[in-house]
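See below for the structure under consideration.
Chain letters run A, B, ... following the sequence lines, proteins first, then strands; residues in each count from 1. Keep in mind it's a predicted model, so treat the numbers as computed, not measured.
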Number of protein chains: 2
Amino acid sequence: MARDAAARGPTIRDVAALAGVHPSTASRALDASLPGRIAEPTASRVRAAAHALGYVPDPAARSLRTRRSGLVGVVIPDLTNPVLAPIVQGVEETLRAAGFGCLLADTDNDPAREEAAIADLEARRCEGLVIATARRRSAAVERLAKSGPAAVLVTRGLDTGALPLVAADDAQGVAAAVRHLAALGHRHLAHLTGPRDLSTTVRRARAVRESAKALKSSGVDVVVRHGAGFTIADGHRLARALLSAHPEVTAIVAGNDMIALGCLDAMAEAGLRCPGDVSLVGHNDMPFVDRLEPALTTVAIPQRALGVRAAEVLLGRLAGETVAAEPLVLPTELVVRRSTAPPPAARRS
Amino acid sequence: MARDAAARGPTIRDVAALAGVHPSTASRALDASLPGRIAEPTASRVRAAAHALGYVPDPAARSLRTRRSGLVGVVIPDLTNPVLAPIVQGVEETLRAAGFGCLLADTDNDPAREEAAIADLEARRCEGLVIATARRRSAAVERLAKSGPAAVLVTRGLDTGALPLVAADDAQGVAAAVRHLAALGHRHLAHLTGPRDLSTTVRRARAVRESAKALKSSGVDVVVRHGAGFTIADGHRLARALLSAHPEVTAIVAGNDMIALGCLDAMAEAGLRCPGDVSLVGHNDMPFVDRLEPALTTVAIPQRALGVRAAEVLLGRLAGETVAAEPLVLPTELVVRRSTAPPPAARRS
DNA sequence: AGTCTGGTGGCAATCGATTGCCACAGATGG
DNA sequence: CCATCTGTGGCAATCGATTGCCACCAGACT
């Protein structure tokens, strides 16, 4: 009974017949990019016929002929990371408004799955790719600069800069975080972050180092530690090790909010209070971190705007525009909440 | 320079030529569902040729001929609702493993956009639809029971039951919540929830009422209030009104975790402590509610499993199986954390 | 009056894979 | 020795929309 899926809809031939014209005329009449190609009386007759029949062009047939699929692939590392939701939303909304469909692929942070996902999306003839999973050097992603569909990276860029990147101005945000902590009186900072093969990691780590160096005359120093990933568990491990190895540290700048969450766990475990004993700054301002205990001070990135801009850059490329080689950098902002405070007086060195 | 996208890949004709066979033979040799149709030596020659050329069949051409697109549409109300992320992940992973691509559509909780999204997904010839946005009576969704691609609903069902539904056993979870509160000593409960046109809302509300009624002999009563949506703001409004109109209420069962968050805001505003003054139970156990202050007691639903099962049911339908008319109900579990406690003695009636 | 031009619309090829039907060869059996 | 059968592969139609090219017509200009 559920076999009647073969009920095919009307074709352009049906429309043409009803309107009393040739199929090619019907096709042109319905093509909005050809204004005036078909005389108005004829065109409106065709439109009326199409409407009467409920005609919807077959995308497969159209795609076969035009070599365009109307599809864009969106490759993300982990949908359950709340920071990605607004980004994907921005991408989807912008692309949909432009008539593209979004094929979603979650790689679970696995390079092998990323490569498979890109291959699959290519096989499906996506016209463009929005990639949020890129590692600094990734053969699969780099190849897209040479062949394959147009690709735009969000947040995570390539060392070679071979593909357009839309990212937040992490450096500025992180520098603000370091200055904020220094101004509160902290002198021994730590930066706990993710793996070195992600551009976000190195950008943020470099910014932490540089802004600490700029404050060296005030006695500020920083220890940087890299973990295997950007997860709560990674943050937990990193912070546990740090707190025992470097008891002098009174403030942590986390590589992202997930790591910050892990830091909170480690502090609780060690009997340290935040911000009483150790201050903490996150990164990304993902949803709900303002409702944590303590509400997290963090570097806010324009999540939705990142998605929107990435989609816009992609649309530009698809329209033939040449994109700037420089990454498109969107402003960040340090959001000060309750997880940062002056260091405990007793510890002050 | 970015204009060489016309570089078409090899076609089955090229493969056939290289293997020295007819294209139709090549097609059959590459079709895994036709074992033995082509003699093994020939078939392996074709496979070698395909591999050597890096042949990838053109989905448009295949789709045109076979009337199958390999696409499934996923319609969700709001990607930034964390409860959806694991569901979508489960759907995507299961569908991908079965060879389908996921076209994502976010409706922003807007029925008009839902209808548009469904129409678009149909126009793109999706073979199936996973819909998480259904209202109890929705012409656009109901029509899918009669025509259009196979559809499966997640979480939110239709009154008519015309489409298969995969949902959590809310009734059981909510009943456990009510019993938990009653056991703690609460007598005046409230249920603050979403709009009546969502099946989840009525399921949960009914379960609250019924389990309260079962405890009526113990003096338990409940007031139920419906809001416009399932957002934090809705919860906030609802709770503010409730707390002033019903000061006797000492425990709130929220329709979902977002509403619970809003309740927390309203309590803070009213100078009430949770759980000191008012206890609170959420629903869904979305990510991070265990890290709130206070950690939220909530009804956990098997989020990822819901997505997986929904995808499996859809795959079954696509394979021609007849699906049960009864909704597929997955077990829930009350997760007791810190937002529930005995009522303040002073208030006890 | 003849030719040119611009505006419309039709014709047919084309995109690439699939599949119903047919043909041929070799094997089997009567 | 012929008829039938089975296994293998080829032929050509087909899916539906698009588009390069051509044809026709009316009006305009010389």
- Query: Does A:Arg67 make a side-chain N or O approach to OP1 or OP2 of C:dG16 shorter than 4.0 Å?
  - Reply: yes
- Query: Expressed in angstrom and rounded to an integer, what is the separation of A:Leu64 atom CG from D:dT18 atom P?
  - Reply: 11 Å
- In whole Å, what is the span from the CZ atom of B:Arg13 to the P atom of C:dA17? 7 Å
- Message: Could you check whether the side chain of B:Arg28 and the base of D:dG9 have a donor-acceptor pair of N or O atoms closer than 3.5 Å, going by distance alone?
- Response: no
- Count the heavy atoms of every other residue, nucleotide or ligand shown that sit under 6.0 Å from CD of A:Glu115, and state whether that count exceeds 12. no
- Task: For B:Asp14 and C:dC15, give me the distance from atom CG to atom C1', rounded to whole Å.
- Result: 14 Å
- Query: Roughly, in whole Å, what's the span from CD1 in A:Ile38 to P in D:dT18?
  - Reply: 13 Å
- Note on the structure: When rounded to the nearest 0.5 Å, the distance separating CG of A:Leu306 from OG1 of A:Thr155 is 5.0 Å
- Message: Just N and O in the side chain of B:His22: are any of them under 4.0 Å from OP1 or OP2 of D:dG9?
- Response: no
- Ignoring backbone atoms, establish whether A:Arg65 has a side-chain N or O less than 4.0 Å from OP1 or OP2 of C:dT14. no
- Query: Once you round it to whole Å, what is the distance between C1' of D:dC15 and CZ of A:Arg62?
  - Reply: 16 Å
- Message: Please determine whether a side-chain nitrogen or oxygen atom of A:Thr42 lies at a distance below 4.0 Å from atom OP1 or OP2 of C:dG9.
- Response: yes
- Message: Tell me the interatomic distance from A:Arg45, atom CZ, to C:dG9, atom C1', rounded to whole angstroms.
- Response: 11 Å
- Item | Side-chain N or O of A:Thr11 closer than 4.0 Å to phosphate OP1/OP2 of D:dG16 | no
- Query: For the atom pair CZ (B:Arg13) and CG (B:Leu18), what is the distance rounded to the nearest 0.5 Å?
  - Reply: 15.0 Å
- Assign each of A:Tyr55 and B:Ser24 to its nearest nucleotide of DNA chain D by heavy atoms, then name whichever residue's nucleotide is nearer the 5' end. B:Ser24
- Message: Show the nearest heavy-atom pair for residues A:Ala151 and A:Arg317, with the distance to one decimal.
- Response: O-NH1, 3.1 Å
- Side-chain ion pair, A:Glu40 and A:Arg47, N-O less than 4.0 Å: yes
- Query: In terms of the nearest nucleotide of DNA chain D, which residue is placed more toward the 5' end: B:Thr66 or B:Val21?
  - Reply: B:Val21
- To the nearest Å, give me how far apart CG (B:Asp31) and P (C:dT18) are. 7 Å
- Task: May I have the distance from A:Ile12 (atom CD1) to D:dC15 (atom P), rounded to whole angstrom?
- Result: 15 Å
- Query: D:dT8 phosphate, OP1 or OP2: any side-chain N/O from B:Thr25 under 4.0 angstrom?
  - Reply: no
- Query: Does A:Arg37 make a side-chain donor-acceptor contact with the base of C:dG9, cut-off 3.5 Å?
  - Reply: yes
